[in-house]
Amino acid sequence: MQRPIRYGMASSDELPKNYDFAEVEERWQKSWRDEDHYFDPNSKKPQFVIDTPPPYPTGNFHIGNALNWCYIDFFARYKRMKGYNVMFPQGWDCHGLPTEVKVEELNHITKNDVSREKFRKMCRDLTIKNIEQMRLTLRRMAFSTDWSNEYITMMPKYYSKTQLSFLRMLKSGYIYQDEHPVNFCTRCETAIAFAEVSYEDRETQLNFFDFDGVEIATTRPELLAACVAVAVHPADDRYHNLKGKSLKVPLFGHAVPVVQDEAVDPKFGSGAVMICTFGDKQDVHWWKQHNLPLRKAIDRKGKMTEICGKYTGLSSTECRKAILADMKSAGILKKQEKLQQRVGTCWRCKTPIEILSNKQWFIRIRQQEIRDAAHQIKWYPEHMLLRMENWIDQMEWDWCISRQRIFATPIPVWTCTKCGEIVVPDEKDLPCDPTLTKPKQPCPKCGGNDFKGEEDVLDTWMDSSISVLNVTGWDGSGKPKIFPAQIRPQGHDIIRTWAFYSILRSVALTGSKPWDQILVNGMVLGEDGFKMSKSRGNVIVPEDLVGRYGADALRQWAATGAALGSDIMFSWNDVIAASRFQTKMWNIFRFALIQFGKDGIDENAPITALADRWLLARLSDTVAAVSARMENYEFDEALKAIREFAWDVLADNYIELAKGRLYASDVSRKSACRVLYTAYDSLCRMLAPFVPYFAEESYSYLKKGSVHKQPWVDFTFNDPAAKAEGDLLVKVVAEVRKYKHDKGLALNAPLGKVTVYAPHTTNDENDTARTINADVHWRTDKAHLDKVVSGIDFNRSVVGKTFRKDASAFMDAVKALSAEELAHPPKTIAVNGKDLPIPENAFAPQYSYVEEGAKVDMITVGDVIVTVAGKE
RNA sequence: GGGCUCGUGGUCUAGUUGGCUAUGACGUCGCCUUGACAUGGCGGAGGUCCUGAGUUCGAAUCUCAGCGGGCCCA
């Protein structure tokens, strides 16, 4: 049964004994209002705009997303409490191949079976369904999303901005069209960017063959038709005679020059390589360097072109086989060796990429510009900047932004069929699909009226790399008022893509860095330490976890799991520990509420007892520490400090000390209640960003109003003496407990007189006495103790081994020694009439102490002496 | 091959401007059902701080070399 929402001080009979997270979380989720999290454009508060990552709407919010969003929500909530006007937008990065593939799968079609428009609609419908699913999870997780700033990249409102940014960058010369080699996936039939290439190890064959008298080693004989040169190292003596010569390509017969290049490794293969357009990135290098011609041997579908003669139409694998067979029968194939190599593949479908030369759209990469902007951003953790720098430094090609797909932002250009002029739409006519509409004016160059709409579409990163411009309200007119954003949170896996492209685009379009700070979080690994994957069976689904332990427990796991930037192993242990902490907190609050229920709270009661001042001093330190950690996004440390204070300091020490006073009804009870009240209130507020449901529920028993609308805790209590003396108090209690434990006594067993000889007298309001159940006296004078030998500990393994049958006689002799002799034993001792040496470690005297005539036990706490008189 | 990052009890981890007996959690063992909580309390056992060399009165921490893991890239 669900309880009604209630606010304000509870009476103790209203208090449920157990914290039922499922009931509580559902109830609060229903009552919270979206409006409370809206960014207020007219606010006078300082702004805190977050450029959140728009997830790909697969329908499933995975645990890595959850970690990322928890971090965002922690600081979004914290900043709101600190008085900032926070924008926590939610975007959806819709376009791209996975959805196309999914639509084909679900409808049993290929994209060519239906019209482009129909296919797009199918993709849009699926995406909307997925987004709705994921929104539910976001709400269940209690993320304080600003739903008034939601954006969906496939919607006209968003992608018209993508198109606007394209037109602006085209105009300013950043974007150009060119025939250029690009990474190409022949399965997806599209160009892909370097960031989309992944690498796999595989074994291949290195083929040595006779190339017009020169031995050449190649892994890609099928590219023989595309051979445009042979390269050797200039210092390679074997090939001096080839300088300036040309060679005839076997099987094909065209002549190619021999070029010299330092980049050729004389030790690899035969030391002579053939340059083809294009086998790999190195070929592109050489091709540019030596101004070689272009011979295209492979087409977009991965088939051999006409220049391959009789091999035309074969796939590259078939062609390789055929050419090797023909080399063999011509007797020019010398030998074959196995070779380990890394091959670039399409990150989506794992097909090995080809480098093909096509007409494509590009964005110029101006490295220095990006580097400068990256340096103006504060990186958390700092070393992530290095990854960005390394990536920038080794960029060689411009960013290819055109894709040959359907579900994506159209490139808004037409080509005049008569003169080839590029024509663009008016900015006010965006969004625009050039395959469906025509330009309003004739061609400005030749006056022609026949145009071809661009069928290529934009890379998805072209959408998401303006997320920050979108949320800050960019409309093309320079730099928006609230730009740059304050922070970009993201994973380290997309530094070279999303972060890199966002910086590039912001600089190009506004001349400024996109954000003040970037916060980089790690990846979530499975419980076995490996990346989560279905095949490993180590995948954790957030919804499952939330169902079993609640959203707050998952959020705590995210906070405590890892330091910023480092990968985090998933651990059920941490989730269980989190849920236990909530139980503990609930019981602490229950205890406090029961006390408050007896005769209310006096918020101005004088703080009298030492323990009370001690607790407030420790609370003050905790608030300072937690606040500092929050400022630095060190959520693990922040939550750790809260837990430590609540569990160790408040529950295990303070409450144990103050219990007696709270049960009694003297004046100092009010002091303890006020302290409990302050701690309760502060803890709710410090916990609010981490466990919003739990904090809200707990706070509702204390006061009216939502804890999430309270300011962050501002509490200082400076009392170094109370801290030092209170620490002593706690230590004395701990030592006496240990003493009881060692004596086999129950912790509440009564003791007789306990005297503490400390440097200062301490007004502990009898807390110590009640806690350890003894008559406690605090004294500042020196302890007057008489040390008395009360017995002797024999080490029987030493005594027995040394004295054999004289052992008992030896022990009797030792017992007969005086106290003085026992403390400083002689070298020898008379046993059965003989003087025998006393072995080392044979015995140790036991001492007892006598204080004012009574026998006592002595405990030391640093230089403080505590005596305990038994209760006989 | 290059860059980044890391190596601490069985497991995960804190600690690096060099300095008390190396932190905590989980697990484990023992004791305790005391009026918030046994999803608790108290206590114990358990560590070559990856290896080696160096600097130093002193190294988990600094330097060098090596071994090993992870990530990114060639």
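On a predicted model such as this, the values are computed, not experimentally measured, just so you know. Order of the sequence lines sets the chain letters (A, B, ...), proteins ahead of strands, with each chain counted from 1.
A:Ala577 is linked by a side-chain contact (heavy atoms from CB on, under 4.5 Å) to nothing, counting only residues two or more places apart in sequence or in another chain. Under the ring-ring contact (aromatic ring centres under 6.0 Å, His included) criterion, A:Tyr633 pairs with A:Phe75, A:Tyr380, sequence neighbours left out. With sequence neighbours left out, A:Glu644 forms a side-chain hydrogen bond (donor to acceptor under 3.5 Å, both in side chains) with no residue at all. A:Asp261 pairs by the side-chain hydrogen bond (donor to acceptor under 3.5 Å, both in side chains) definition with A:Trp286, A:His290, not counting sequence neighbours. Every residue two or more places apart in sequence or in another chain was checked for a side-chain hydrogen bond (donor to acceptor under 3.5 Å, both in side chains) with A:Asp283, and none qualifies.
Both A:Asn573 and A:Ala651 lie near RNA chain B, and the one whose nearest nucleotide falls closer to the 5' end is A:Asn573.
Side-chain polar atoms of A:His62 and A:Asn65 form a donor-acceptor pair below 3.5 angstrom.
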Report, one line per pair, each donor and acceptor closer than 3.5 Å where one atom sits in a side chain of residues 587-596 of chain A; sequence neighbours left out.
unit_1   : atom_1 : unit_2   : atom_2 : d
A:Asn587 : OD1    : A:Arg590 : NE     : 3.4
A:Asn587 : ND2    : A:Thr583 : O      : 3.0
A:Gln595 : OE1    : A:Lys598 : NZ     : 3.1
A:Gln595 : OE1    : A:Arg669 : NH2    : 3.2

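Nucleotides B:U28 and B:U34 are separated by 25 Å at their P atoms, to the nearest Å. Taking atom C1' on both B:A74 and B:U8, the two are 34 Å apart, rounded to the nearest angstrom. When the C1' atom is compared between B:A45 and B:C37, the two are found 27 Å apart, to the nearest whole Å. Comparing B:U16 with B:U5, their C1' atoms sit 15 Å apart, to the nearest whole Å. Nucleotides B:U21 and B:G47 place their C1' atoms 14 Å apart, quoted to the nearest Å. Spacing of C1' atoms, B:U17 relative to B:A59, comes out at 14 Å, to the nearest Å. Between B:U13 and B:U23, the distance separating the two C1' atoms is 9 Å to the nearest Å. If you take atom C1' in B:G3 and the same atom in B:U61, they sit 24 Å apart, rounded to whole Å.
If you measure from atom CG of A:Asn773 to atom C1' of B:U34, you get 10 Å, rounded to the nearest angstrom. Here B:G24 presents its P atom at 18 Å from CZ of A:Phe581, a figure rounded to the nearest Å. Rounded to an integer number of Å, the gap from CD of A:Glu644 to P of B:U23 is 13 Å.
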Could you go over nucleotides 3-13 of chain B and give all protein N or O partners under 3.5 Å, atom names and distances?
unit_1 : atom_1 : unit_2   : atom_2 : d
B:G3   : O2'    : A:Asn390 : ND2    : 2.5

Report all interatomic pairs (protein N or O, nucleotide N or O of nucleotides 38-45 of chain B) with separations under 3.5 Å.
unit_1 : atom_1 : unit_2   : atom_2 : d
B:U39  : O2     : A:Thr583 : OG1    : 2.8
B:G40  : O3'    : A:Lys584 : NZ     : 3.3
B:G41  : OP1    : A:Trp647 : NE1    : 2.4

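Applying the 4.0 Å criterion to OP1 and OP2 of B:A36, one finds that A:Tyr663 has a side-chain N or O inside that range.
Within the nucleic acid shown, A:Ile655 comes within 4.0 Å of at least one base atom, counting heavy atoms only.
Residue pairs meeting the ring pair (Phe, Tyr, Trp, His ring centres under 6.0 Å) criterion with at least one member in residues 640-659 of chain A, sequence neighbours excluded, do not occur.
In this structure B:U23 sits in no base pair that meets the Watson-Crick or G-U test at under 3.5 Å.
Residue A:Gln556 holds its CD atom at 10.0 Å from CG of A:Asp574, rounded to the nearest 0.5 Å. Rounding to the nearest 0.5 Å places OG of A:Ser465 at 8.5 Å from OH of A:Tyr501.
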